[in-house]
Amino acid sequence: MTGSVRTRFAPSPTGELHIGGLRTALFGWAFVQANGGQFVLRIEDTDQSRYVEGSVENIYEGLRWLGIEWDEGPDVGGPHGPYVQSERLEKYHAVADELRACGRAYRCFCTAERLAQLRKDQQRDGLAPGYDGRCRGLDPVEAEERARTEPSVLRFRMDRTGTTTFPDLIRGDVTFQNSLQDDFVLLKTDGYPTYHLAMLVDDHDMEITHVIRGEEWLASGPRHLQLYEAMDWQPPRFAHLPVLVDRDGRKLSKRSGDVAALDYRDNGYLPEATLNFLAFLGWSLDDHTTHITPEELTRVFSLDRVVSNPAFFDVERLDALNGHYIRSLDPAAWRNLVADWLDRGLPADIPRPLDADLVTAAAPLLQERVARLDEVAGLSRFLFADLPDYPPELLTERIKGDTELAARTLDAAIDAVEAVSPEAWAPEPVEAALRSLQDTLDLKLRKFVSVLYVAIMGAPRGIPLFDSVALLGRDEALTRLRSARAKLA
RNA sequence: GGCGCGUUCGUCUAGAGGCCUAGGACACCGCCCUUUCAAGGCGGAGAUCGCGGGUUCGAAUCCCGCACGCGCUACCA
């Protein structure tokens, strides 16, 4: 099948791109790359009422963030355009007419109220909800006449005998009883097609060979299969991806946390980490691979290694992966990221532009200590601004409230730092001076160093101390040390 | 309610009858390293493979039943 594969990602512009949608897109894209073929982006905007301004741009941005490119789509064009469903209405109507002409579709005049009541009654009686077929037997000619003055929808006449079986690339053969199917809507009152019709027409026109979509579509498989059959079109192959679930085992939704793809970017996740994370949600390469690059993914991805059970969207794992990728960044790239995140994360009252040399010096101290980019500002704020006031108890938090030790430590530290002349101020002498406290106090550094962390950065832990003191400068370091000492007086 | 799909360490998964006294990763615990915190190195604990029956010399792997979970059940996609 090399070279002949065509798949598509077909989101609806109803808001921000969902992280689950991004994962679906990733799998489709990786599948196409691995097999040779084209990846199509199609916008499914057939529900006018749910359209949200800016959605399409958000979709583009989300996909591009991960490096997913499409060969055909609304913005890049292609031989099967247009790629926006609202611009393809005639195509759907043409197929609808054909279906109506051959008797596989019929006008339905049932009102929304009647349908709602019907559903209620069916549920009350323990029956399977579904259209009861009231308009099924209407005379086609009369129905056309009525349709001129009365609102109507077009319904597909399902074959209700036997079963429908189709092979799912991930689950194997799936079988449904046709007697349980109902005549679903093809064309709505407003003349727009439903998903089922639009998808059928577009996938056929666009020569899609593999439909890779979420599991929530599995149950509508029989509808699609019968539709293909009615048109005498070759159906594509289907692959229904397992759903993404939250900690409670429910489909990932707003209440599960961040669901917008770009929220992850904005919260400090690297695209390579996010891609890596998403790739292993329901798919695996072998029994040990946990890290993968986009290049490798597009080489080795295959649908038969997608599992059929739900995948837990575990942010902890994403964090671990993100930390891994942050550490593997080369110094220059990391430095630039730090600069960006400092700029947007530090309080506005700190003058901009930030001291570039200071940023450069701080970057390496942060690289091994953050899992997300949004932690950068908090950890290095003390280098750019005065320390906020903190309670004296913080100084002794890690030394069991030993105020006397804290006082001795600070006194010794002040002396040691003062002993380093302004001319000699540099990381090495500062480190030597601070290390000498071990002898002065006759204690291991680890026994008292937390006091200095608090004095210098306002927290008992943070980025490396010696470099921080050196970066702060002699005067500022001394000021902080003295201020801490004063708190103990 | 009906239909569909699913069920292996806490989590994501490997596993397609004997290679499994079930492997990897994250998380967890311990040790080492150490300038706090991390990172890194080493090691540990952790699943009788949802339950119950079969088939077989042999089952996590095949079959049946049950339970539980999720999905669908719209003129939304």
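Rounded to whole Å, the distance from CZ on A:Arg446 to C1' on B:C32 is 12 Å. Taking atom CG of residue A:Asp190 and atom C1' of nucleotide B:C76, one finds them 12 Å apart after rounding to whole Å. When the C1' atom of B:C72 is taken as reference, atom CZ of A:Arg119 falls 14 Å away, rounded to whole Å. If you measure from atom CG of A:Asp287 to atom C1' of B:G24, you get 6 Å, rounded to the nearest angstrom. Per the geometry, CG belonging to A:Leu281 stands 16 Å off C1' belonging to B:G6, to the nearest Å. B:A77 atom P lies 15 Å from atom CG of A:Asp203, rounded to whole Å. What separates NE2 of A:His224 from P of B:A77 is a distance of 11 Å, to the nearest Å. Atom CD of A:Glu215 is separated from atom C1' of B:G6 by 7 Å (rounded to the nearest Å).
Remark: the separation of the C1' atoms in B:G69 and B:U48 is 23 Å, to the nearest Å. When the C1' atom is compared between B:A25 and B:A14, the two are found 11 Å apart, to the nearest whole Å. Rounded to whole Å, the C1' atom of B:C20 lies 11 Å from the corresponding atom of B:U61. Nucleotides B:G6 and B:U13 have their C1' atoms positioned 15 Å apart, rounded to a whole Å. Of the C1' atoms belonging to B:G23 and B:C31, the separation is 24 Å, rounded to the nearest Å. Comparing the C1' positions of B:G43 and B:C37 gives a spacing of 23 Å, expressed to the nearest Å. Only the C1' atoms considered, B:G65 is 15 Å distant from B:U55, to the nearest whole Å. Annotation: B:G71 and B:C66 have their P atoms spaced 23 Å apart (nearest Å).
A:Tyr264 and A:Phe313 have their aromatic ring centers within a separation under 6.0 angstrom.
A donor-acceptor pair shorter than 3.5 Å can be found between the side chains of A:Tyr92 and A:Asp202. A donor-acceptor contact closer than 3.5 angstrom links the side chains of A:Asp45 and A:Ser86.
Ring geometry for A:His196 versus A:Trp217: interplanar angle over 60°, hence perpendicular rather than tilted (30 to 60°). Ring geometry for A:Phe238 versus A:His240: interplanar angle under 30°, hence parallel rather than tilted (30 to 60°).
Side-chain nitrogen and oxygen atoms of A:Arg155 include at least one within less than 4.0 Å of the OP1 or OP2 phosphate oxygen of B:C75. Note on A:Lys188: every side-chain N or O is 4.0 Å or more away from OP1 and OP2 of B:A74. Taking only side-chain nitrogens and oxygens, A:Thr46 comes nearer than 4.0 Å to OP1 or OP2 of B:A77. One finds no side-chain N or O of A:Lys447 lying less than 4.0 angstrom from the OP1 or OP2 phosphate oxygen of B:U34. Of the side-chain N and O atoms in A:Ser284, one or more sit less than 4.0 angstrom from OP1 or OP2 of B:A14. OP1 or OP2 of B:G6 has at least one side-chain nitrogen or oxygen of A:Ser308 nearer than 4.0 Å. Applying the 4.0 Å criterion to OP1 and OP2 of B:C70, one finds that A:Arg250 has a side-chain N or O inside that range. Neither OP1 nor OP2 of B:A38 sits under 4.0 Å from any side-chain N or O of A:Arg461. Side-chain nitrogen and oxygen atoms of A:Arg223 include none within less than 4.0 Å of the OP1 or OP2 phosphate oxygen of B:C72. Side-chain nitrogen and oxygen atoms of A:Asn309 include at least one within less than 4.0 Å of the OP1 or OP2 phosphate oxygen of B:U13.
A donor and an acceptor atom never sit less than 3.5 Å apart when one is taken from the side chain of A:Thr194 and the other from the base of B:C75. At a cut-off of 3.5 angstrom, counting only N and O atoms as typed in the model, there is a donor on one side and an acceptor on the other between the side-chain of A:Arg369 and the base of B:C37.
Tested against A:Ile212 for a side chain to side chain contact (heavy atoms under 4.5 Å, CB included), the candidates A:Val306, A:Ile170, A:Thr7 yield a single pass: A:Thr7.
Pair assignment for B:G40 gives B:C32, based on Watson-Crick or G-U wobble hydrogen-bonding distances that are each under 3.5 Å. When both pairing distances are held under 3.5 Å, B:G18 makes a Watson-Crick or G-U pair with B:C57. In this structure, B:G1 and B:U73 make a Watson-Crick or G-U wobble pair, each of the two defining distances being under 3.5 angstrom.
Residue contacts for A:Gly221: at a heavy-atom cut-off of 4.0 Å it reaches no nucleic acid atom on any strand shown. Counting any heavy atom pair closer than 4.0 Å across all strands shown, A:Leu186 reaches no nucleic acid atom. Using a 4.0 Å heavy-atom distance criterion, A:Arg317 is classed as a base contact. Within 4.0 Å (heavy atoms only), A:Val307 reaches sugar-phosphate atoms of the nucleic acid but no base atom.
For the pair A:Lys188 and A:Asp190, the salt-bridge criterion is not met [side-chain N within less than 4.0 Å of a carboxylate O].
Within the 4.5 Å cutoff, the side chain of A:Leu41 has no heavy atoms near those of the A:Tyr83 side chain.
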